[in-house]
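One is the number of the first residue; the rest follow in order along the sequence.
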Amino acid sequence: MKISFAKPGLPGSGAVVVPVLEGRTLSALGAELDERTGGALGRAMAASRFEGKKDQSLTILAPANLGLSRVLLLGLGKAAEIDEARAQAFGAAAVANLASATDEEAAILSDVIDGNGLGSATFAAHAAFGARLRGYRFDKYRTKEKPEDKPALKKLVIQAEDHKEAKALFAPLNAVAEGVELTRNVVSEPANVIHPESFADEARKLADLGVDVEVLNEKQMKKLGMGALLGVGQGSERESQLVIMRWMGADKDNEAPVAFVGKGVTFDTGGISIKPAAGMEDMKFDMAGAGCVLGLMKALAGRKARVNAVGIMGLVENMPSGNAQRPGDVVTSMSGQTIEVINTDAEGRLVLADALWYCQDRFKPKVMIDLATLTGAIIISLGSEHAGLFCNDDDLAAKLMEAGQKSGETVWRMPMGDSYDKQIRSDIADMKNTGGREAGSITAAQFLKRFVKDVPWAHIDIAGTAWTKKDLTVTPKGATGFGVRLLDRLVADHYEDR
Ligand code: BES
Ligand code: MN
Ligand code: ZN
C-alpha cells in the first residue's frame with residue numbers, strides 16, 4: 001500500500017474516509033458530502049446510532065450523486081482528546097475497515113482536524129503511521145490465496161491543508177514503521193528460515209543504511225569465554241552467532257552509546273528439558289528480543305537519529321541432541337561467574353548473561369536495555385497489556401514508562417530485590433539458572449542483574465507482548481514488533497543531540 005499526502009478536495013471516485021467528531025460533527029468536506037447527497041450521511045448516522053465516538057465506524061455504500069464507491073465514517077471522539085495515538089488509531093481503522101472492500105484507492109478527508117492543538121499536519125502524519133502499521137501482512141508463504149481474499153487497497157491518500165508539512169512529519173515515522181515491519185518479518189519467519197546465521201545476514205543488510213555490523217562466530221565467542229551462551233547452542237546443528245550493530249549518529253563519535261541487547265533464540269525446544277509438543281511451534285518467536293533490536297537499529301539509522309547506539313543480538317538455537325547441554329552441567333560465563341544449569345529450558349538468561357557482559361566490557365554504554373521473551377511467568381503476571389520492566393535505576397524506569405505511555409507500547413515495573421537471590425543459590429556453582437515456580441520473572445531478572453555492572457540497566461520481558469493472537473489497534477494479529485516504537489521514543493525524547 002502506497003501512502004501519500006495531498007491538498008483537501010473531494011475525489012470523484014473510489015472510497016473516502018471521513019472523520020467525525022463526537023456529536024456527529026463532520027469536517028468541512030464531510031459536510032459538503034452530506035449536502036451533495038441530500039443529507040444521506042446525517043440520516044445514516046442517526047439511523048445507526050453512530051455518534052462519532054472513538055472507534056465507531058459506519059460505511060455508506062454507493063451514495064447517490066457522488067461517483068464514490070463508499071463513504072466510511074470514522075468516529076474520533078471529543079476534539080479536545082485528539083492526540084497522536086488517536087490519530088494513529090484513526091488511520092489504522094481506515095485500513096482495517098477497507099480491508100474487505102474492493103477499492104484500490106481511498107482518500108482520507110481529514111481536512112479540518114485540529115483537535116487539542118495537535119495540528120492537522122501532525123494528525124495526518126500520525127494517521128499515515130497508524131495506517132501503515134495496521135496494513136502490515138506477512139503473506140509470503142500463501143501461494144494459493146485468491147486475489148479477492150487479499151486487501152485490494154493499493155493507494156491511500158491522506159489529505160491535509162499543509163500536506164507538505166504532513167509529508168515531512170511522516171518521514172521519520174515511516175522510518176520507524178520500516179523498523180517495526182522488519183521486526184515483524186523476522187519474528188514471523190519460521191525457524192527453518194531464520195536461524196542464527198540467516199538472522200545475522202538480515203543484520204548485515206543494515207550496512208546499506210550506514211550501520212556498522214560485526215558478527216562473531218562460535219570460535220570467536222569461545223575465545224572470549226562465552227560459555228553460557230555457547231552451552232545453549234551446543235546441541236544445535238546451527239552455529240551460534242553474536243551480532244554487534246553500531247549506529248554512530250551523535251555529534252561526537254566518542255559519546256558513550258545507548259545499548260540494546262536482545263535474546264535471539266531462533267527456536268526454543270527447551271533442549272533436554274524439552275517442552276511439551278502442544279504449542280511448541282510458538283517458540284519460533286523466541287528471538288523477538290533480538291528482532292526488536294534489529295528493527296530498532298533500522299529505525300534509528302533510517303531516520304538518522306542523532307545518537308550513538310549499539311545493538312547486540314545473542315543468536316542461538318536451543319535443541320536437544322547427543323551433543324546438547326544437560327541439566328546439572330556447570331558453565332562458565334564470560335564474566336567468570338559459574339552457573340549450574342538446572343533446566344535447559346531457562347536458556348534465555350544464559351544467552352543474555354554473556355551478551356550483556358560483552359556489551360558493557362566493550363562499549364561502556366551510558367545506559368543498557370535488554371529485551372527478551374524470557375519467562376512464561378510474565379504472561380501470568382501482566383498478560384499482553386504490558387511488558388514487564390525490571391530496572392536498577394528509578395530515573396531510567398520513569399523514562400521508559402513515559403515512553404511506553406506515549407508510544408502505546410506500555411511497560412509495567414516489577415519489583416527486584418536481593419531477597420529473591422536465595423532462590424537461585426547453587427550448591428556447586430555461583431548460581432543456578434532457575435529459581436523455582438515462585439516469582440519466576442523476578443528471579444530471572446535477578447539472575448541477569450548479576451551480569452550488570454554499574455550502569456543504568458533495564459530488562460524488558462516481552463514474552464506476553466511480542467505476539468498477538470488477535471488484531472490490535474495498530475497491529476494485525478501475529479508478530480507485533482513490540483519495543484521498536486517504545487525504544488525509538490525513549491531515544492528521541494532523552495538521548496539525542498539537538
Ligand atoms: N522462551 C521461554 C519463555 C516463554 C514461554 C516465552 C512461553 C513465551 C511463551 C523461556 O526460554 C522459557 O522456557 N522459560 C521457562 C523458564 C523456566 C524453565 C524456569 C518458563 O517460563 O517456563
Ligand atoms: Mn526456554
Ligand atoms: Zn526461551
Side-chain angles (χ1 to χ4, degrees), residues 1-8 11 14-21 26-27 29-30 52-59 70-77 79 81-101 103-116 118-137 151-163 165-181 184 406-409 471-476 480-481 484-485 488-489:
M1 184 179 60
K2 206 180 151 326
I3 296 175
S4 58
F5 298 90
K7 271 217 153 321
V16 298
V17 183
V18 178
V20 186
L21 295 171
L26 293 163
S27 66
L29 286 175
K53 289 195 176 130
K54 73 175 163 100
D55 300 333
Q56 280 189 321
S57 70
L58 175 64
T59 302
R70 71 186 64 219
V71 176
L72 171 61
L73 302 175
L74 288 181
L76 270 180
E81 287 169 11
I82 294 175
D83 55 8
E84 292 177 359
R86 189 71 60 88
Q88 290 169 18
F90 169 77
V95 168
N97 275 283
L98 291 170
S100 54
D103 298 288
E104 294 198 354
E105 246 187 271
I108 294 186
L109 312 186
S110 53
D111 49 329
V112 291
I113 296 305
D114 196 354
N116 200 19
L118 192 65
S120 58
T122 306
F123 180 89
H126 281 272
F129 186 48
R132 176 157 182 188
L133 290 172
R134 188 64 167 81
Y136 174 82
R137 267 169 74 87
L153 195 62
K154 301 266 174 325
K155 208 176 148 209
L156 183 64
V157 181
I158 302 177
Q159 300 186 349
E161 203 50 64
D162 199 342
H163 62 285
E165 195 194 339
K167 190 179 169 192
L169 290 170
F170 180 55
L173 294 170
N174 194 41
V176 175
E178 280 181 9
V180 172
E181 284 175 12
R184 289 177 181 173
K406 287 189 186 171
S407 66
E409 294 189 324
D471 291 338
L472 306 174
T473 309
V474 296
T475 308
T480 60
V484 176
R485 287 182 291 143
D488 175 75
R489 188 74 200 217

>> Is there a side-chain contact between Asp55 and Thr473 in this structure, where contact means two heavy atoms from C-beta onward sitting under 4.5 Å apart?
In response: no
>> Within the structure provided, determine whether Ile82 and Phe123 are in side-chain contact (heavy-atom separation under 4.5 Å).
In response: yes
>> Please list all pairs meeting salt bridge (Lys or Arg N to Asp or Glu O under 4.0 Å) that have one or both residues in residues 121-130, counting only residues at least two apart or in different chains.
In response: none
> Considering only heavy atoms from C-beta outward, does the side chain of Ile158 approach that of Ser4 to under 4.5 Å?
Replying inline: no
>> So Leu76 and Arg86, do their side chains get closer than 4.5 Å, heavy atoms only?
In response: yes
>> Would you say that Val16 contacts Leu72 through its side chain, given a criterion of any heavy-atom pair below 4.5 Å between the two side chains?
In response: no
>> Could you check whether any side-chain heavy atom of Leu156 comes within less than 4.5 Å of a side-chain heavy atom of Val95, counting everything from C-beta outward?
In response: yes
>> I'd like to know whether the aromatic ring centres of Phe170 and Phe129 sit less than 6.0 Å apart in this structure.
In response: no
> Counting N and O atoms only, with roles assigned by atom type, does the side chain of Arg184 sit under 3.5 Å from a partner on the main chain of Thr480, one being a donor and the other an acceptor?
Replying inline: yes
> Side chain of Arg70, backbone of Ala15: donor and acceptor closer than 3.5 Å?
Replying inline: no
>> With heavy-atom distances below 4.5 Å as the criterion, would you say the side chains of Leu153 and Glu104 are in contact?
In response: no
> Out of curiosity, Thr59 OG1 to Leu74 CG, how far, rounded to the nearest 0.5 Å?
Replying inline: 8.0 Å
>> Measuring from atom CG of Asn174 to atom CD of Glu181, what distance do you get when rounded to the nearest 0.5 angstrom?
In response: 8.0 Å
> Between Arg132 and Glu178, does at least one N-O distance fall below 4.0 Å, as a salt bridge requires?
Replying inline: yes
>> If you compare all heavy atoms of Gly30 against all heavy atoms of Val18, which two are closest, and at what distance to 0.1 Å?
In response: CA-CG1, 3.9 Å
> Are Lys154 and Glu105 ion-paired here, with the side-chain N under 4.0 Å from a carboxylate O?
Replying inline: no
>> Using every non-hydrogen atom in the two residues, find where Glu409 and Val484 come nearest and quote the distance to one decimal.
In response: OE1-N, 3.6 Å
